[in-house]
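Below you'll find the structure, written out as structure tokens, and then a few comments.
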Amino acid sequence: MLTIDAVARPEKSDFRRQIQALLYESFRQAQGDQALQVHFIECYARQLRERGVSIDPAIRAELTERIRTRRLPRGHIPIPNVEQVRSQFEFWWLNTWDILLSVYTGDATRLPAADQLTARMVSVGGTPEMSSYTPDEMRRLNDGFAPYRDGADPARSTREIIHERFLPSLVRVESYFQGNGPRYAARPRTDGGDIHESRMLGHCRRAHFQAGRGTAEIIDHIYLEVSHRLSWLAAHRPSDDSYVAYTELVRAYNRNHPGTPRADLHSDTPQDTPQDTL
């Protein structure tokens, strides 16, 4: 199975494409959870560093000038407040740049503290009345930054962050949409699709498919590592807290899909067909 170690090394000029993809994908991967968004960006940034992709400082100023004109990623929950959308793109672009700098320099002090996040919200035109900036949302966001900001995490590997942060947070968010969520007990879809869809399953299936074709991107390698980790835990450490939570997620998924139960939500099985969930 291909994992984080088995990656092609992109050219350093790939930085622009990767960063623009990262900003959009961070919203998709977050599934509405800002702490998970932090963990995803942390994983992606470490992959760029481990692949030898250099930061191009000119990209920061260039994208900052245009970032507020971006549109929501396909499939994102509609946000009627245009100013909130614009402020969120700028807010997360600034957060993303801070994460990149902290990962590449090993300097955790580059990450924003709670008061800095609040000041940033104001600077981009956000208000506590906007759903993305409520006190609870800002608290959860700060909780996402805290372990990286308050420890020596910038030097740690992608694999470590996936195992210790991204995977547990992903399982937590996926469980929400199976009926155990504080915000949504199901996906608030507008396309008539499965309200209890497992995005985790879709991403893992796609990752295996792309790896089989030799076209796996950074996101695919993150989910290949998720899949590898869950298979390893099943065989060697089934009492691990993350794996116990995962097995509860699988049971919840099967209760919501009685006609198509699954043994797991991470492997590429013969009956699966690749689907684009990104």
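Every heavy atom of this structure was used, including side-chain atoms; hydrogens, water molecules and symmetry mates were not.
A salt bridge links Arg187 with Glu174; the closest basic N to acidic carboxylate O contact falls under 4.0 Å.
Taking 4.5 Å as the limit, every side-chain heavy atom of His203 sits out of range of all side-chain heavy atoms of Val226. Residues Ile219 and Arg28 fail the side-chain proximity criterion, which asks for heavy atoms closer than 4.5 Å. In this structure, Trp92 and Val124 have side chains that are not in contact, with every pair of non-hydrogen atoms separated by 4.5 Å or more. Residues Met121 and Met138 meet the side-chain proximity criterion, which asks for heavy atoms closer than 4.5 Å. Side-chain atoms of Leu22 and Thr96, non-hydrogen and from C-beta on, do get closer than 4.5 Å to each other. When side chains are defined from C-beta on, Glu197 counts as touching Arg189, because their heavy atoms get closer than 4.5 Å.
Listed here is the closest heavy atom pair of Arg49 and Ser157: NH2-CA, 4.3 Å. Nearest heavy atom pair, residue Leu170 against residue Leu36, reads N-CD1, 3.9 Å.
A donor-acceptor pair under 3.5 Å is formed between the side chain of Ser227 and the backbone N or O of His266. Side chain of Tyr223 to main chain of Gly202: no donor-acceptor pair is present (N/O by atom type, distance under 3.5 Å, no hydrogens or angles). Judged by distance alone, with hydrogens and angles left aside, the side-chain atoms of Gln88 form no donor-acceptor pair with the main-chain N or O of Ser132 at under 3.5 Å. Not one N or O on the side chain of Gln37 forms a donor-acceptor pair closer than 3.5 Å with the backbone of Gln29. Checked by atom type and distance alone, the side chain of Thr247 pairs as donor or acceptor with a backbone atom of Val244 at under 3.5 Å. Using modelled atom types, one side-chain atom of Asp220 and one backbone atom of Glu217 make a donor-acceptor pair closer than 3.5 Å. Although no hydrogens or angles enter the test, the distance criterion places no donor-acceptor pair under 3.5 Å between the side chain of Arg46 and the main chain of Val103.
Within the cation-pi definition used here (under 6.0 Å to the ring centroid, within 45° of the axis), Arg229 does not qualify as a partner of Phe166.
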Donor-acceptor list for residues 234-243 side chains, cut-off 3.5 Å, not counting sequence neighbours:
unit_1, atom_1, unit_2, atom_2, d
Asp240, OD2, Ser242, N, 2.8
Asp240, OD2, Tyr243, N, 3.4

Can you check side chain to side chain contact (heavy atoms under 4.5 Å, CB included) on Tyr148 and Ile99, steps first, answer last?
CA-CA 9 Å; Tyr148 305 98; Ile99 292 172; over 6 Å; no
Could you go step by step and tell me if Asp264 and Arg262 meet the side chain to side chain contact (heavy atoms under 4.5 Å, CB included) rule?
CA-CA 5 Å; Asp264 64 64; Arg262 291 191 54 89; 3.8 Å; yes
Does the pair Phe40 and Phe27 meet the rule for a ring-ring contact (aromatic ring centres under 6.0 Å, His included), with working shown?
CA-CA 10 Å; Phe40 175 77; Phe27 285 98; over 10 Å; no
Which is it for Glu248 and Ser175 under the side chain to side chain contact (heavy atoms under 4.5 Å, CB included) test, yes or no, and what are the steps along the way?
CA-CA 8 Å; Glu248 293 172 354; Ser175 295; over 6 Å; no
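Here the CG-CG distance, from Leu101 to Asp107, works out to 9.0 Å after rounding to the nearest 0.5 Å. Atom CE in Met200 sits 14.5 Å away from atom CZ in Phe177 (nearest 0.5 Å). A distance of 10.5 Å separates NE2 in His39 from CZ in Phe145, rounded to the nearest 0.5 Å.
Between Tyr133 and Phe91, the ring planes lie perpendicular to each other; the angle is over 60°, past the 30° to 60° tilted range.
Arg120 and Ser123 share no side-chain donor-acceptor pair at under 3.5 Å. For the residue pair Thr158/Glu225, the side-chain donor-acceptor check at 3.5 Å is not satisfied. Between the side chains of Gln178 and Arg255, no donor N or O sits under 3.5 Å from an acceptor N or O.
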